Each structure stands twice: as C-alpha cells, then as structure tokens.
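Below is one structure; the comments refer to it alone.
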Amino acid sequence: MAATPRDDLRDRERAHLFEALPGQHLGALWRVYANALTPEPVKREVPHRWAWKDLRPLLYEAARLVPTEEAERRVLMLLNPGLGGEAAITPTLYAGMQIILPGEIARSHRHTPNAIRFIVEGEGAFTAVNGERTVMKPGDFVTTPTWVWHDHGNESDQAVVWLDGLDLPLVATLSSVFYQKYPDIQQPVSRPIGDSSRRYARGFSPARVPLPRHYSPIVNYPYVEAREALATMAESDHPDDYDGYLLQYINPLTGGPVLPTMAAYLQWIPPHSTLKEHQHTSAAVYLGVEGRGVITIDGQAYAWEPHDVIVVPSWCRHQHQNPGDEPAILFSFTDDPVIRALALYREAD
Ligand code: 1HN
C-alpha cells in the first residue's frame, strides 16, 4: 500500500520524538525490548583458559620488577576476553594470581568484597585474618570474608603463589565497595596459629557467644584434609554424573557455602571417565590441582594441567573428562550462593 500523507507526517513526528529522547536521558523501551528480554541468557563473557606455563614466567617477572611497597597486592588479574578489560573473570567474579617473595609484606587492609585463596606453589607464606596468622601450603584454601582486616607476609625462603577469587565485580555493581587501610603495615598477632580451626573445624563451636554466621569462621582448610575427604568418597561412593566426586568447603555454622557470595569446591574426576554434560546459571572458575583433564565448554575442548585456570561462564554447556590413569583433581569457586539467593538457579542437561 502506498504511504499516505498522514503516514509521512507520523514518520516525521516519530523521528522528532526519537531525537528528543536522548537529550532528556529517556529511551523507548519498545525499540530495545528484544535485546533486554532474551529467551536465554545473552552474555558478553566467554569461556577461556589461562595456561600456567604462559602465566608463570610473567608472574615471576612481575615479582622481579615490582616490589610489594609499590603494589599493595602484586597480582596478575585474569581478565575475561569478552569483558573489555574490566577487572572481572565473569560479571560477578574476579580472579588473579598473586605472588609474594621471601621477606615481603602485603600490607593490612579491609574491604567489603569477600576473598578466597587457593595456594598454587611455594610454602610458608602467611595470611593474617583478624589477628590470626595461618601459614599456607600448596592446595590450602583460605578465606578472608567481607570487612575483616587481612595482610600477607612471607617469612620463608621461597616465593609463594596463590589464586585469589573475589566477588568484587558483583559488589561494585551493587555500589557497595568500601575499603580502608589498617593504620600500621601489619595487624598485630592476637591469636595463636590454628586458633579458628581448633574452635570451629572439629565439630565444636563456642557456645553463648554471638557469632557472625554469614561467613565461615575457619581461616584455612588444609589440602591434606580436603584430599583425604575426597579419597574417602572415591573409595566408597558412586560418582556424581556431572561432577564425579565433589566436595564443598562449608561454613560449619550453617553447613552452607563459606561466603555469602561465593562457594568453593574440590573435585575428583576418576581415571578414564567422561562425565555428563550440563549447564547452569552459576558461573565457575576452575583451577587444575592434580593430574590432567579436559573441560569441554560449548563444544570446545580445554585441556588442563595443574595450575591452569579455566572459566566456565553462566549457562555454558560443560563436561568433564579425565582420559588419564590418575585421578584428576580440580579446585573451583562459583557465584552459586548469589544465584540461589536470588531464586535464579536453573540447571539443564
Ligand atoms: C585483595 O585485597 C587481595 O588481600 C587480592 O590479597 C586481590 C583484588 C582486588 C581487590 C582487592 C588480597 C585483590 C584484593
């Protein structure tokens, strides 16, 4: 049908309207509706692997060139290639590799983002959390919850490297980042080594004292203990279809995740196994610990070795494989508690 003069007039008036909107910080929903409401998640973040053999030399070079006096934390951030250089590995999670040399101190501070660490190599550095120092070994899992004073030091004779995981992108999106420096470089030691484990990690908890329950009171979950739990499961249980043997680090006060925003796991993929593929709305950051394996993400295979990091974004189909003769052990942290708290958790196979 030919356009009538009336249609022409309306088109010109519409064009005027659309031009007037941006100047008033207004927008026409109907023109972007299909972008905003998609049948399934549309994401900027992509799957990616950071190979330890490529990352390691750059981290040690950073350690040689930049002292901790210049860098409050000497960290190479793992930047998701889809997120345009934002300090984020997914829209909710941050990850980085931190190195601390013998004699160095990473000064004391506190912030609202929660943090976890998983020790990659080297032994004998400590993290101090609320007056308690914990000396860290490879495979140890350490928590520094929201707003607790924390600093690191290395009184050993070797470099120590760990993976940092934070909920910083989420906390920043929620406009809730607060940060303070401790008045001194290090916080004073006010509790003995092992204090929190002896109080909380053995099936007891001090009674008649108010305890914050939204995060785990345990500072260090030693690798030997987590590995022993997994080996015990692998000896007696049937593996899970998707995750093999999956052990969660828990807050003993609730039985739930260690932190309000992040869950952490150690996982055992049995030798010669191909697990089932699935997808879910929580995102995961994996770190190879022992053995070798493959994570296939949306059809692309990412082989991993110890200390490689692989990100599986939300709603990506993924599948674990261990073609080798030895168990393949992976550490991971996820934003699962956030997704579940908001009733957004979905899973499909
Ligand atoms: C932080 O405080 C640490 O305490 C590591 O070791 C990484 C990344 C962003 C913001 C704060 C640490 C961090 C961080």
Side-chain angles (χ1 to χ4, degrees), residues 50 55 58-59 62-63 66-80 83 85-122 124-138 140-156 159-187 189 215-216 219-221 258-262 264 285 287 309 311 331 333 335:
W50 289 262
L55 198 167
L58 298 171
L59 189 61
V66 183
T68 47
E69 294 85 49
E70 274 177 51
E72 183 152 339
R73 296 293 187 264
R74 191 202 294 108
V75 176
L76 291 185
M77 301 184 289
L78 307 181
L79 304 179
N80 191 294
L83 294 177
E86 278 171 47
I89 193 164
T90 75
T92 54
L93 301 172
Y94 159 99
M97 280 287 182
Q98 179 159 179
I99 182 165
I100 183 161
L101 298 178
E104 285 188 329
I105 291 169
R107 62 155 304 132
S108 192
H109 67 202
R110 66 178 177 179
H111 40 68
T112 47
N114 293 272
I116 55 102
R117 336 220 169 255
F118 191 91
I119 312 311
V120 165
E121 71 178 19
F126 69 82
T127 289
V129 178
N130 272 344
E132 175 182 344
R133 283 187 179 181
T134 186
V135 179
M136 303 176 292
K137 294 191 172 74
D140 287 0
F141 170 72
V142 173
T143 60
T144 50
T146 180
W147 210 236
V148 298
W149 296 112
H150 59 282
D151 48 84
H152 316 293
N154 186 350
E155 294 173 355
S156 83
V160 175
V161 175
W162 61 75
L163 177 73
D164 287 314
L166 284 89
D167 54 11
L168 177 59
L170 174 70
V171 177
T173 293
L174 298 173
S175 301
S176 300
V177 173
F178 291 84
Y179 162 86
Q180 284 179 344
K181 282 187 165 136
Y182 193 76
D184 299 319
I185 297 291
Q186 287 179 297
Q187 61 182 302
V189 175
Y215 58 78
S216 173
V219 175
N220 189 343
Y221 297 71
V258 278
L259 294 166
T261 49
M262 291 186 287
V285 177
L287 172 73
V309 176
V311 61
F331 168 77
F333 68 96
D335 58 4

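Bear in mind the structure is a predicted one, so any value in this text is a computation, not a measurement. Just so you know, ligand 1 is whichever comes first in the structure, and atom 1 is the first atom listed for that ligand.
- When heavy-atom distances to ligand 1 are checked against a 4.0 Å cut-off, T144 has no atom that comes that close, whether in backbone or side chain.
- Contact detail for I100 and N154: the closest heavy-atom pair is O-ND2, 3.0 Å.
- Judged by distance alone, with hydrogens and angles left aside, the side-chain atoms of R74 form a donor-acceptor pair with the main-chain N or O of V66 at under 3.5 Å.
- If you number the atoms of ligand 1 from 1 as listed, the ones under 4.0 Å from a heavy atom of H152 come out as 4 (O), 6 (O), 12 (C).
- Close to ligand 1: R117, with a non-hydrogen atom less than 4.0 angstrom away.
- Using a distance-only test at 3.5 Å, with no hydrogens or angles considered, a donor-acceptor pair links the side chain of H150 to the main chain of V148.
- In terms of polar-atom proximity, defined here as any N/O pair under 3.5 Å, H111 does make such a contact with ligand 1.
- Between E72 and ligand 1 there is no heavy-atom distance shorter than 4.0 Å.
- Looking from atom 12 (C) of ligand 1 to the surrounding protein, the closest heavy atom is R73 NE, 2.8 Å.
- For ligand 1, the atoms closer than 4.0 angstrom to any heavy atom of H150 are 2 (O), 4 (O).
- Counting the atoms of ligand 1 from 1 in the order shown, those under 4.0 Å from a heavy atom of Y94 are 8 (C).
- Here the heavy atom of the protein found nearest to atom 7 (C) of ligand 1 is D164 OD2, 3.6 Å.
- Judged by distance alone, the side chain of T68 and the main-chain N or O of A106 form no donor-acceptor pair under 3.5 Å.
- Between V171, L166, V129, it is L166 that holds the heavy atom closest to atom 14 (C) of ligand 1.
- When each of T127, D140, T144, N220 is paired with R117, the side-chain hydrogen bond (donor to acceptor under 3.5 Å, both in side chains) condition holds for T144 and for no other.
- Of the residues listed (D335, D167, T146, T92), the one engaging T261 in a side-chain hydrogen bond (donor to acceptor under 3.5 Å, both in side chains) is D167, and it is the only one.
- To the nearest 0.5 Å, atom CD of residue E69 and atom CD1 of residue I105 are 8.5 Å apart.
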